[in-house]
Amino acid sequence: MNVVTTTQVIDPATERVVTTVELADEAATDAAIDRAHRAQVAWRAVAPGDRARLLRRFAEAVDADLEHLARLEVTNSGHTIGNARWEAGNVRDLLHYAAGIPERLLGQQIPVADGVDITFHEPLGVVGVIVPWNFPMPIAGWGFAPALAAGNTVVLKPAELTPLTAIRLGELALEAGLPEGVFQVLPGKGSVVGQRFVTNPKVRKVVFTGSTEVGTQIMAGCARQVKRVTLELGGKSANVVFADADLEAAAASAPDGVFDNAGQDCCARSRILVQRSVFDRFLELLEPAVRKVRVGDPAEASTDMGPLISAAHRQRVADFLEPTTDIAFTGTCPEGPGFWYPPTVVLPAAGTERVLTEEVFGPVVAVIAFEDEAEAIRLANDTEFGLSGSIWTSDVGRALRVSRAVEAGNLSVNSHASVRYWTPFGGFKRSGLGRELGPDAALAFTETKNVFIATT
Ligand code: NAP
Ligand code: MG
């Protein structure tokens, strides 16, 4: 690798330097893309059963290394050990799921009178995957697993802040027997490596997860080459609690719905909408649930919430709270080294406060009252985003009516679960473009080709 610069990886729980990582420059990026381009010719020709076997071996290598990967993530990203194990397990499970794809990427045979008409799902070629720092392992896997299964090769750019688990996944792929160049991990800056994915014509698709601002630039850049793009961007999701809900369960789980991963989650339910008749009661129940959140050493199994990713990000989160913001109550967090921030519940007075309209990406939640179902739907949709959300009610009709009316890609009823690797995931409106995961994930990494063979 032609190294121009390096970056220090910091443990966000201790502020200590963990290691130094080399960053690729533009020439190294082009070289990796060239390798991926050459490797793809052979990779797409690997028999489906053999491609499946290699992906299964990759999954087994991740499983054998699971505890190591999880510990790396705790140190690099401050994720709680429980979450980090789930994240590494998610990559393993995704690879097993993807291993079922090569033999099931079925085309069609379409009736014609004068011959045979068939469709093929052809791989795109080289895919560039750009990953943010909030979920380094799963978000990488959501891109690379189906892309590889469909016969593409992948160059993965982790976020500069969190490259360690991605580097390890690259090593595991090679150890599992994936041919050289099929899956490469290239730490580097977004403005250098990521930007080259957009401009280098040998990259046929960019999968980007991150801020709406950068996602917009990537889409505009890709448009020049009509390059395929999938975008998973921000969110401002609503957790809608109706008076007929199991209030105890809704309040007890609300902290999980927004403070998981210290709120650094695009699916965070950062607006809790509560029907006015139960508003005070809900807040009474929410307060002890928030105070119970254990913030501290992410390596401890009993910890619920770790630190934020960086000092700069902590400042960004703090800046969302204006002097006039009404803070209802907060949880606690450690003092001293570490980028700590307490779980914070605010009661915004006006709909214009930034904490109500923008993605905070930290442990801050706004609680807002609504009168009736129509107002709940209006408030839930009163955002430029549309990624996820929850609906708490005991009325199945209402659950379905509201689910259909909320403009978001991933809704859960009486639950905050958003992500299962076998169900589709993605956003409405400015939360993104395209879908990841689920039964159709691999199709997003193919072109449909129609071939007609004359028989007359
Ligand atoms: P970001 O700037 O969008 O970064 C996400 C990824 O894109 C990183 O790998 C980054 O690389 C890369 N990147 C940055 N500029 C690029 C460019 N011009 N071309 C190609 N790639 C580029 O996000 P962030 O700065 O880390 O976070 C800012 C805010 O975005 C967060 O506070 C949050 O609101 C939102 N966000 C949302 C999600 C989500 O899951 N929806 C994830 C992360 C962030 P480097 O970081 O290495 O430069
Ligand atoms: Mg950025």
Side-chain angles (χ1 to χ4, degrees), residues 5-9 12 21-26 29 76-77 87 128-140 142-143 155-164 166 185-200 203 206-222 227 229-237 260-268 270 308-310 312-320 339 341 354-355 357-364 383-388 408-410 418-419 425-427 429-433 436:
T5 181
T6 59
T7 190
Q8 286 187 330
V9 175
V21 168
E22 296 171 348
L23 299 178
D25 65 2
E26 204 174 291
T29 308
N76 190 165
S77 308
E87 291 159 22
V129 179
I130 303 173
V131 174
W133 46 259
N134 63 323
F135 287 113
M137 282 189 276
I139 291 173
W142 301 3
V155 187
L156 167 68
K157 191 207 90 65
E160 208 188 325
L161 293 173
T162 57
L164 297 189
V185 177
L186 207 59
K189 290 188 180 299
S191 55
V192 178
V193 178
Q195 190 51 31
R196 203 58 197 129
F197 289 176
V198 173
T199 54
N200 186 319
V203 175
V206 175
V207 179
F208 171 82
T209 304
S211 62
T212 297
E213 184 194 352
V214 174
T216 306
Q217 289 169 27
I218 285 179
M219 189 171 171
C222 286
K227 187 173 290 194
V229 62
T230 294
L231 303 173
E232 297 288 359
L233 309 175
K236 192 73 197 172
S237 298
D260 191 51
N261 206 33
Q264 303 165 125
D265 180 347
C266 47
C267 289
S270 55
L308 294 176
I309 190 65
S310 67
H313 187 58
R314 179 173 57 186
Q315 188 58 49
R316 188 178 175 277
V317 169
D319 287 345
F320 276 98
F339 308 125
Y341 201 90
R354 285 180 64 219
V355 70
T357 55
E358 295 180 32
E359 181 173 51
V360 177
F361 227 58
V364 178
T383 166
E384 64 184 13
F385 297 112
L387 192 53
S388 64
N410 294 81
S418 297
V419 173
F425 179 85
K429 302 195 278 187
R430 273 164 62 86
S431 283
L433 185 75
E436 298 190 287

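Order of appearance sets the numbers: ligands from 1, and atoms from 1 within every ligand.
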Checking contacts here: is it the side chain or the backbone of V360 that comes within 4.0 Å of ligand 1, counting heavy atoms only? Could be both or neither. neither
Closest candidate by heavy atom, reference atom 10 (C) of ligand 1, pool E359, K157, K236, K189: K157
Mind checking whether V360 and K236 have side chains closer than 4.5 Å, heavy atoms only? yes
Identified side chain to side chain contact (heavy atoms under 4.5 Å, CB included) counterpart of E232 within the set L387, V207, I139: L387
For ligand 1, note which part of W133 has a heavy atom under 4.0 Å away: side chain, backbone, both or neither. side chain
Those atoms of ligand 1 less than 4.0 Å from some heavy atom in G188: 47 (O)
Quick one: look up the protein heavy atom nearest atom 31 (C) of ligand 1 and list residue, atom name and how far away it is. F361 CD2, 3.7 Å
Write out the residue and atom name of the closest protein heavy atom to atom 2 (O) of ligand 1, then the distance separating them to 0.1 Å. V214 CG2, 3.6 Å
Mind running side-chain contact (heavy atoms from CB on, under 4.5 Å) on K227 and V206 for me, showing each step along the way? CA-CA 8 Å; K227 187 173 290 194; V206 175; 3.9 Å; yes
Identify, by atom number and element, the atoms of ligand 1 in contact range of Q195, meaning under 4.0 Å from any of its heavy atoms. 18 (N), 19 (N), 20 (C)
Run the side-chain contact (heavy atoms from CB on, under 4.5 Å) test against Q217 and tell me which residues pass, sequence neighbours left out. E213
Check each atom of ligand 1 against the heavy atoms of G190 and keep those under 4.0 Å away; list them by number with element. 11 (O), 12 (C), 13 (N), 14 (C), 16 (C), 17 (C), 19 (N), 20 (C), 21 (N), 22 (C), 45 (P), 47 (O), 48 (O)
Short N-O contact, E384 and K429, less than 4.0 angstrom: no
Report the part of F135 (side chain from C-beta onward, or backbone N, CA, C, O) that has a heavy atom under 4.0 Å from ligand 1; answer both or neither where that applies. neither
Quick one: are W142 and V419 in side-chain contact, heavy atoms under 4.5 Å? yes
Ignoring hydrogens and geometry beyond distance, is a side-chain donor-acceptor pair present between T162 and S77 at under 3.5 Å? no
Could you check atom 46 (O) of ligand 1 against the protein and tell me its nearest heavy-atom contact, residue, atom and distance included? E160 N, 4.0 Å
Would you say E213 touches ligand 1, if touching means a heavy atom closer than 4.0 Å? no
Indicate yes or no: at least one non-hydrogen side-chain atom of F208 is less than 4.5 angstrom from one of V198. no
Nearest non-hydrogen protein atom, atom 39 (C) of ligand 1: C266 CB, 3.5 Å
For ligand 1, which atoms have a heavy atom of Q217 less than 4.0 angstrom away? 18 (N)
Student check: side-chain heavy atoms of T29 and F197 closer than 4.5 Å: yes
Atom 32 (O) of ligand 1: closest protein heavy atom, distance to 0.1 Å, is R316 NH1, 2.9 Å
Does ligand 1 come near enough to S211 that some N or O of the ligand is less than 3.5 Å from an N or O of the residue? yes
Can you list the ligand 1 atoms lying under 4.0 Å from a non-hydrogen atom of A159? 9 (O), 47 (O)
Does the protein come close to atom 15 (N) of ligand 1 - that is, does one of its heavy atoms sit below 4.0 Å from that atom? yes
For the ring-ring contact (aromatic ring centres under 6.0 Å, His included) test, which of F339, Y341, W133, F320 pairs with H313? W133
Atom indices of ligand 1, in the order listed, that fall short of 4.0 Å to a heavy atom of H313: 32 (O)
Nearest non-hydrogen protein atom, atom 43 (C) of ligand 1: P132 CB, 3.3 Å
Heavy-atom protein contact below 4.0 Å for atom 4 (O) of ligand 1: no
Suppose I only count heavy atoms of V131 and a 4.0 Å limit; which atoms of ligand 1 are within that range? 6 (C), 8 (C), 9 (O)
I need the I218 CD1 to L231 CG distance, nearest 0.5 Å. 7.5 Å
Check side-chain hydrogen bond (donor to acceptor under 3.5 Å, both in side chains) between R316 and all other residues, then give those that pass, not counting sequence neighbours. none
If the cut-off is 4.0 Å to any non-hydrogen atom of G194, which atoms of ligand 1 fall inside it? 20 (C), 21 (N)
When you look for heavy atoms under 4.0 Å from ligand 1, do you find them on the side chain of L233, its backbone, both, or neither? backbone
In the protein, which heavy atom is nearest to atom 7 (O) of ligand 1, and how far is it? F208 CE1, 3.1 Å
Sub-3.5 Å donor-acceptor pair from the side chain of S431 to the main-chain atoms of L233, do we have one? no
S237 and S388, any side-chain heavy atoms less than 4.5 Å apart: yes
